[in-house]
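Taking it in order: structure first as structure tokens, then the write-up.
Values reported hereafter were calculated over all heavy atoms of this structure, with side chains retained and with hydrogens, waters and symmetry mates removed. Note that this is a predicted model, so its numbers are computed, not measured.
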Amino acid sequence: MAARPPVPPFTRQTAAEKVRLAEDAWNTRDPERVALAYTADSRWRNRGEFIDGRAEIVDFLTRKWTREQDYRLIKELWAFDGNRIAVRFAYECHDDSGNWFRSYGNENWEFDEEGLMRVRLASINDLPIRETERKYHWPLGRRPDDHPGLGDLGL
């Protein structure tokens, strides 16, 4: 597989770029595209679920985005060192009954030398919200550059 820049060791600028690229990919809600950012043998912990490899990543994301409709995500760099990045994030979505949620979390990422993520450890909490409490209102897809980030939104 070809390198996936930026590659480690990360600087503040390249770590922030890697975070935004991940956010952009996840906001496509395209499991096949998202899975290409991970090593073939990538290991995940997502809440209480353990995922191994790209095929399981695709299955997981397909299930996720079937349940989590109108999904919009913001990620923010928290810390970085060498080949590791820590991220905080929040996303909004609703279920098939129209119940809205904002999910908050933290992720720890570890990359190989080609810039592919080989480990993703996610801790996530879900908060039911009213539709009127939503803070993410851009059209589905990439968050516009001028849309506030997590800190600007008080999240």
*asked:* Between Arg43 and Asp41 (side chain of the first, backbone of the second, donor and acceptor by atom type, cut-off under 3.5 Å), is there such a pair?
replied: no
*Atom CD of Glu107 and atom CG of Asn46: how far apart are they, to the nearest 0.5 Å?*
7.5 Å
*Is a side-chain N or O of Arg47 found less than 3.5 angstrom from the main chain of Glu49, in a donor-acceptor match?*
no
*asked:* Rounded at 0.5 Å granularity, tell me how far OG in Ser123 sits from CZ in Arg88.
replied: 14.5 Å
*Would you check, one step at a time, whether the test side chain to side chain contact (heavy atoms under 4.5 Å, CB included) holds for Phe10 with Leu77?*
CA-CA 12 Å; Phe10 296 111; Leu77 176 65; over 6 Å; no
*asked:* Tell me the closest heavy-atom pair linking Pro5 and Ala3, and the distance in Å.
replied: CD-O, 3.3 Å
*Could you tell me which non-hydrogen atom of Trp138 sits nearest to which non-hydrogen atom of Asn27, and how far apart they are?*
CZ2-ND2, 4.1 Å
*Do you see a donor-acceptor pair shorter than 3.5 Å between the side chains of Tyr104 and Arg102?*
yes
*Taking the six-membered ring for Trp, are the ring centroids of Tyr38 and Trp44 within less than 6.0 Å of each other?*
yes
*Do you know which two heavy atoms are closest between Phe111 and Pro8, and how far apart they sit?*
CB-CG, 4.0 Å
*Just wondering, more than 12 heavy atoms not from Asp95 lying within 6.0 Å of its CG?*
yes
*How far apart are the C-alpha atoms of Arg72 and His137, what are their side-chain angles, what is the distance that settles it, and do they pass the side chain to side chain contact (heavy atoms under 4.5 Å, CB included) test?*
CA-CA 9 Å; Arg72 290 170 177 84; His137 297 284; over 6 Å; no
*Run the side chain to side chain contact (heavy atoms under 4.5 Å, CB included) check on Leu140 and Arg29 step by step: do they pass?*
CA-CA 9 Å; Leu140 286 176; Arg29 297 169 327 282; 3.6 Å; yes
*Counting N and O atoms only, with roles assigned by atom type, does the side chain of Ser42 sit under 3.5 Å from a partner on the main chain of Met117, one being a donor and the other an acceptor?*
yes
*Taking atom CZ of Arg143 and atom OH of Tyr136, what is their separation to the nearest 0.5 Å?*
8.0 Å
*To the nearest 0.5 Å, what is the distance between CD (Glu92) and CG (Leu73)?*
10.5 Å
*Step by step, would you call Asp59 with Arg63 a salt bridge (charged side-chain N to carboxylate O under 4.0 Å, His left out)?*
CA-CA 6 Å; Asp59 290 344; Arg63 288 191 321 272; 5.6 Å; no
*Say you draw a straight line from OG1 of Thr14 to CD1 of Ile85; how long is it, rounded to the nearest 0.5 Å?*
7.0 Å
*Check the side chains of Thr28 and Arg142 for a donor-acceptor pair under 3.5 angstrom, ignoring hydrogens and angles.*
no
*Within the distance-only criterion (no hydrogens, no angle test), does the side chain of Lys64 pair as donor or acceptor with the backbone N or O of Pro31 below 3.5 angstrom?*
no
*asked:* For a 4.5 angstrom cut-off between non-hydrogen side-chain atoms, does Val119 reach Arg84?
replied: no
*Any idea which heavy atoms bring Ile74 and Glu23 closest together, and the distance?*
CA-OE1, 3.6 Å
*Can you name the nearest heavy-atom pair linking Ala35 to Arg54, along with the distance?*
O-NE, 3.2 Å
_Over 12 non-hydrogen atoms of neighbours within 6.0 angstrom of CH2 in Trp100_ = yes
_Minimum side-chain heavy-atom gap Phe89-Val19 below 4.5 Å_ = no
*Who are the ring-ring contact (aromatic ring centres under 6.0 Å, His included) partners of Phe80, not counting sequence neighbours?*
none
*Evaluate salt bridge (charged side-chain N to carboxylate O under 4.0 Å, His left out) for Asp145 paired with Arg20, printing each intermediate quantity in order.*
CA-CA 10 Å; Asp145 290 335; Arg20 182 58 194 243; 3.7 Å; yes
*Shortest non-hydrogen separation from Ile124 to Asp126 and the atoms involved*: CG2-OD1, 4.0 Å
*Check the pair Ile51 / Arg120 against side chain to side chain contact (heavy atoms under 4.5 Å, CB included), numbers first and verdict last.*
CA-CA 9 Å; Ile51 299 154; Arg120 175 183 171 267; 5.7 Å; no
*Given side chains that start at C-beta, do those of Asn83 and Arg118 come closer than 4.5 Å, heavy atoms only?*
yes
*Roughly how far, to the nearest 0.5 Å, is NZ of Lys75 from CG of Asp24?*
11.0 Å
*Arg45, CZ atom: more than 12 neighbouring heavy atoms under 6.0 Å*: yes
